[in-house]
Amino acid sequence: MAWLGPEEWQAVALSLRVAGWAVLCSLPLGIFTAHALARWEFPGKQIVNGLVHLPLVLPPVVTGYLLLLTFGVNAPVGGFLKDQGIVFAFRWSGAALAAAVMAFPLMVRAIRLSIEAVDPNLEQAAATLGASRLWVFGTVTLPLILPGILAGAILAFAKAMGEFGATITFVSNIPGQTQTLPSAIYAFLQVPGGESAAIRLVVVSVIVAMAALVASEILAKRIAKRVAGG
Amino acid sequence: MSLSVRLNHRFDGLELDVAFEAPPGVTVLFGQSGSGKTTVINAVAGLLRPQSGRVSVDGRTLFDTETHSWLPPHKRRLGYVFQEARLFPHLTVRQNLSYGRWFAPRDGQGTGEDFDKIVDLLGLGLLLDRRPALLSGGEKQRVAIGRAVLARPQLILADEPLAALDGPRKSEILSYFERLRDDLALPILYVSHSATEVARLATTVIALDGGKVVRQGPPTQVFSDPSFAPAGVRSVGAVLEARVACHHDDGLSELDAGGVPLFLPHVNRPLGTPLRVRIAAQDVMVSLNTPTGMSALNVLPGTVGAVRTGDGPGAIVSIDTAAGRVLARVTRRSVAALNLSPGVACHAIVKTVAIAPEDVSGPSNARTSHNKPLKIRQN
């Protein structure tokens, strides 16, 4: 990508890294949460459901500020984590955290829908054949919801790539540290003559998003065919 | 194997209150829909938690509400064949069959042999690499049976496994259950509302009505009771036991039922084979005199045992013959005209062609490939 300047390339690479880690780390929790919401009955289920979806309806800036209040180095959780050597605030890992939180509702929603589409009778049959809950999930539910997991992951990745409000509030806009693609576009638009760099980044954004969608479509079709045994 | 069940469960306006002991063999829970049969089998399987009760298999307690013990379904070691096959769509037939084996305790002996035997017994050899989506209804149900058997269960549970199949498939799958019973000596708890299925399969019938056990015993005994019609009058019919005596050239088989000849459409069994013949009450006529000049071939002399009349125009007459007790469904007008009452001598007349192949059953047609009973480890 010779036509990207080093600063622009830095933003693209950072965004890919942030979005990749955000999805990778939140995926197990996303699957667990989706399964709990789809299949289990427990007290406070509606509260959990509300909390999961909160980032979708809150202004992103509010979410970012809440993250700062929780994970800032002087905040209770952030302070504790700092003692363990983990710092989120104003680091790329913080950008990943913000992206993961913002993308979480979309991920959980997609996976939950696919879990609800799995016939519970199949899971029951697996149990009568000797499979414990965990085995039923691993051998029946999980393979059947792979397309849904893939869809959720891609959706979350796209959302994470484009996350702006919460990120800039939580970890600011430090080139090479926390300046993701959208923050970079924003920054370029603030300086005179930055339009051409901004346009190049916009093109990159579109290419990445399209590639993700096409890849997920192809993979989902392949998995669905395998799962349905067509 | 012995299964001991005691259940109390109140739900949806039905109060289930059931207690029975099932001896080895096939125990059929028989009754109309809503009689609570599926609830009983699901409680045994652990898919439903009854309000109170106790179930044990061979002395192993599956649950007991008094001691608050409860084994989850996956620890019960039961093979459940559901109404619909419930095969795993993402696995091949081979993987589906192996699914339960994977969780069964391994003792390392003859596991591969078992697989091949069951595949052979159920005729699944050509299907192994297919996906469930490409199988017919009957094939799916065969795979489901194999999958349940290969999980090395202590007991097979089957909840109306033929309900989703058409007529010829029903008969085919039923014959596979007969093989499980005869070739594998697997104990089976089977839920059905079809008298034909019960008469063919059952060692013991547990008849349920409104959540209560109304009759229990061997099918010949339970079905010879004229007051017993748990699944409607059409299901009424006695079960006779007979042996193949002779195959005639004109396509008929002659059976010997306690000294009385019974003529049936050709039965493809060797001479001497013990058979069960279900004779539907609505196919039986009653005559006071020895009938002559008549096309029906089966005439069983006997005496009226009991007459049961209900609200409708029909009546059920039980006739004790040398072949066993036969039930006839006639009109109340005929009962009055012939003056049928206990002790009256009469003849039960059954058309040969009225006895359908599904109503005749015997030991399963063991294939030549496995003449001796298969040994599947039971623990």
Side-chain angles (χ1 to χ4, degrees), chain A residues 27 31 34-36 38-43 110-153 216-230, chain B residues 41-42 44-48 62 71-106 127 129-135 140 143-159:
Chain A
L27 197 56
I31 295 172
H35 193 255
R39 284 283 194 263
W40 305 350
E41 286 306 322
F42 54 92
I111 299 173
R112 179 182 174 173
L113 283 176
S114 68
I115 292 177
E116 282 168 350
V118 173
D119 184 357
N121 286 337
L122 289 178
E123 296 167 328
Q124 219 175 43
T128 65
L129 290 165
S132 65
R133 266 188 166 194
L134 209 60
W135 276 113
V136 171
F137 181 77
T139 57
V140 177
T141 320
L142 195 61
L144 289 174
I145 62 169
L146 270 184
I149 291 179
L150 196 69
S216 84
E217 198 69 16
I218 292 171
L219 274 174
K221 262 190 191 144
R222 213 177 269 179
I223 293 173
K225 198 172 172 187
R226 196 168 61 86
V227 164
Chain B
I41 201 169
N42 280 343
V44 173
L47 302 179
L48 174 138
L62 301 185
L71 271 185
H74 69 274
K75 290 190 178 151
R76 296 200 174 192
R77 314 274 336 274
L78 308 168
Y80 202 144
V81 181
F82 298 90
Q83 190 166 325
E84 65 299 355
R86 299 196 190 180
L87 301 181
F88 304 124
H90 56 298
L91 302 179
T92 63
V93 167
R94 186 192 303 275
Q95 291 167 325
N96 265 285
L97 288 170
S98 306
Y99 189 88
R101 282 183 355 133
W102 208 64
F103 298 104
R106 259 158 278 194
L127 309 177
D129 294 319
R130 293 209 208 154
R131 298 255 179 198
L134 299 176
L135 302 181
K140 279 183 190 162
V143 176
I145 294 169
R147 184 179 66 171
V149 172
L150 284 166
R152 299 168 171 275
Q154 278 191 305
L155 170 70
I156 292 273
L157 305 175
D159 183 9

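The figures that follow rest on heavy atoms only: side chains count, while hydrogens, waters and symmetry mates do not. All chains are named by letter (A, B, ...) in the order of the sequence lines, taking the proteins before the strands, and each is independently numbered beginning at 1.
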Roughly how far, to the nearest 0.5 Å, is the [atom2] atom of [Y] from the [atom1] atom of [X]?
X	Y	atom1	atom2	value
B:E84	A:L122	CD	CG	9.0 Å
A:I145	B:H90	CD1	NE2	11.0 Å
B:Q83	A:N121	CD	CG	10.5 Å

Under 4.5 Å from any heavy atom of chain A - which part of [X]:
X	answer
B:R130	neither
B:R86	both
B:L157	neither

List the atom of [X], the atom of [Y], and the distance in Å for their closest heavy-atom pair.
X	Y	result
B:H74	A:A131	CB-O, 3.1 Å
A:W135	B:Y99	O-OH, 4.2 Å
A:L129	B:A151	CD2-CB, 3.9 Å
B:F88	A:V140	CE2-CG2, 3.7 Å

**Message:** Working note: A:T128 + B:F82, criterion side chain to side chain contact (heavy atoms under 4.5 Å, CB included); need CA distance, chi angles, decisive distance, verdict.
**Reply:** CA-CA 11 Å; A:T128 65; B:F82 298 90; 4.1 Å; yes
